[in-house]
Amino acid sequence: MEPIQLFVPTFRIDETLEEIRLCLEKGWTGMGFKTVELEEAWKNYTGLPNAHFLNSATAALHLAVLLLKEHGNWQDGDEIITTPMTFVSTNHAILYEKLTPVFADIDNMLCIDPESLQQRITPKTRAVMYVGLGGNTGQLRKIAQICKQHGLKLILDASHMSGTRWADSGNHIGNETDVSIFSFQAVKNMPSGDSGMICFKETELDAEARKWSWLGINKDTYSRTASQGAYKWYYDVEYPGFKYNGNSIMAAIGLVSLKYLEQDNAYRRQICEWYDLFLKDASNITRVPTSADCIPSRHLYQVEIENRDEVMLALNQAGIYPGVHYRDNTLYQMFAYANGTCPRSMQANDRIISLPLHLRLTYEQTKYISESLIQVVKRNS
Ligand SMILES: *Cc1c(COP(=O)(O)O)cnc(C)c1O
């Protein structure tokens with residue numbers, strides 16, 4: 001039997017190659033052309049007012065923190081309240097800008113718990129970094145309310161949330177934040193290869209982000225090429241920005257992924273429904289709930305179990321390769337100062353497991369994975 005992997009990106013190969021061919025024929029593989037098309041398509045799809053395409057969500061997270069810090073006049077050492085249950089990029093972004101990550105504990109959906117957040121607010125708190133783990137909104141609306149009450153900026157690491165919508169309005173998530181960041185990395189639910197999108201609420205910050213992502217140059221090559229006259233080569237540089245821009249090859253891949261995102265997320269939800277069905281009566285398997293207020297992208301399907309590491313190894317024996325999202329970040333050396341401050345996250349750290357979830361999974365495989373899990377958990381408890 002073929003091993004069942006955690007993630008397998010699916011690309012519509014012919015259609016994607018056709019988009020890439022357009023770049024090659026035009027002789028334009030860099031920023032501009034398809035990156036502009038993807039930015040427009042993304043704004044159209046999400047209803048968000050601004051979108052700037054970057055080489056990764058990691059770069060986007062950095063620019064989000066950098067620009068909010070600059071415009072809010074934050075000082076080094078000011079605090080951003082964040083989650084310990086995330087990929088390293090989230091909290092790196094805070095440190096890149098010499099701010100202090102303060103960890104709030106998580107709820108049963110593995111997202112920041114509003115009560116814990118409130119306990120962490122100090123006069124130095126400037127923002128909240130929220131991660132919609134697996135595409136779930138968790139208690140994002142409550143968090144947004146708290147931010148408003150306390151005058152805090154809200155940064156949404158929406159790396160898993162491409163296509164997540166509010167259940168009541170049907171609107172795409174992202175409008176309730178100051179900035180939302182999406183990842184189109186290879187194994188995310190809207191794959192390109194490596195790229196991301198930064199969506200600022202304020203158009204002024206979007207314009208600033210475009211300069212910062214292009215070395216601080218105030219006019220990009222594409223608009224210079226498109227403009228006429230002797231001064232089209234002329235540009236100014238205001239500060240040492242970064243080379244964070246996305247390119248047309250990645251955008252070409254992303255454009256096709258976006259076209260199928262609704263359909264793909266619907267199938268992800270179908271797989272999760274099958275898992276729910278097969279696992280609902282299983283003892284000692286706690287399914288991580290999703291918030292009823294959203295229609296999630298379903299980047300992940302997570303459960304909590306005892307003896308997680310033994311169970312993982314036993315599943316590997318059955319040809320199933322699950323993952324763990326994530327290790328509690330306060331266990332990293334660099335965040336040792338926060339170790340022990342988030343007991344619920346620490347508990348999740350030892351118990352969570354992400355079951356395989358990708359578009360090639362079948363009903364039978366989902367059933368096989370569930371039955372194997374039930375058996376292995378029974379044996380290990
Ligand atoms: C993948 C991921 C990132 C980083 O995304 P890249 O596009 O690979 O830089 C950031 N945050 C979370 C929660 C992620 O899962």
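Whatever order the structure lists them in is the order used to number ligands and atoms, beginning at 1.
Nearest non-hydrogen protein atom to atom 15 (O) of ligand 1 is H160 NE2, 2.7 Å. Of all protein heavy atoms, the one closest to atom 11 (N) of ligand 1 is D157 OD2, 2.7 Å. For atom 10 (C) of ligand 1, the nearest protein heavy atom (residue, atom name, distance) is S159 OG, 3.3 Å.
Between the side chain of Q118 and the main chain of E115, no donor-acceptor pair closer than 3.5 Å is present. Remark: side-chain polar atoms of E304 are not paired, donor with acceptor, to backbone N or O of T286 under 3.5 angstrom.
Under 4.0 Å from ligand 1, not a single heavy atom of F182 appears. For S89, every heavy-atom contact with ligand 1 shorter than 4.0 Å involves the side chain, none the backbone. Heavy atoms from both the backbone and the side chain of T58 come within less than 4.0 Å of ligand 1.
Crowding of K142 atom NZ: a count of heavy atoms from other residues, nucleotides or ligands under 6.0 Å not exceeding 12.
A salt bridge is absent between K367 and E364; no separation between the charged side-chain nitrogens and carboxylate oxygens falls under 4.0 Å.
The shortest heavy-atom distance from A59 to ligand 1 is not under 4.0 Å.
Annotation: cation-pi pair R120/F103 absent, no NZ/CZ under 6.0 Å from the ring centroid and within 45° of its normal.
Heavy-atom minimum distance, H172 versus R165: N-NH1, 3.6 Å.
Looking at D328 and S345, their side chains do bring a donor and an acceptor atom within 3.5 Å of each other. Between W74 and E97, the side chains place no donor N or O within less than 3.5 Å of an acceptor N or O (distance only, hydrogens not considered).
Of all the listed residues (K188, M161, Q185), K188 holds the heavy atom that lies closest to atom 2 (C) of ligand 1.
Taking every non-hydrogen atom of S195 and a distance limit under 4.0 Å, the qualifying atoms of ligand 1 come out as 7 (O). Each of the atoms 5 (O), 6 (P), 7 (O) of ligand 1 lies under 4.0 Å from some heavy atom of S183. Within the listing of ligand 1, atoms 13 (C) sit less than 4.0 angstrom from a heavy atom of T86. Residue-ligand proximity, T90 to ligand 1, at heavy-atom distances under 4.0 Å covers atoms 11 (N).
Ring-plane geometry between H299 and H325 is classed as perpendicular, the angle between the planes exceeding 60 degrees on a 0 to 90 degree scale with a lower cut at 30.
For a threshold of 3.5 Å applied to N or O pairs, the pair formed by F184 and ligand 1 contains no separation below that value. Taking only nitrogen or oxygen atoms, main chain and side chain alike, Y326 reaches within less than 3.5 Å of ligand 1.
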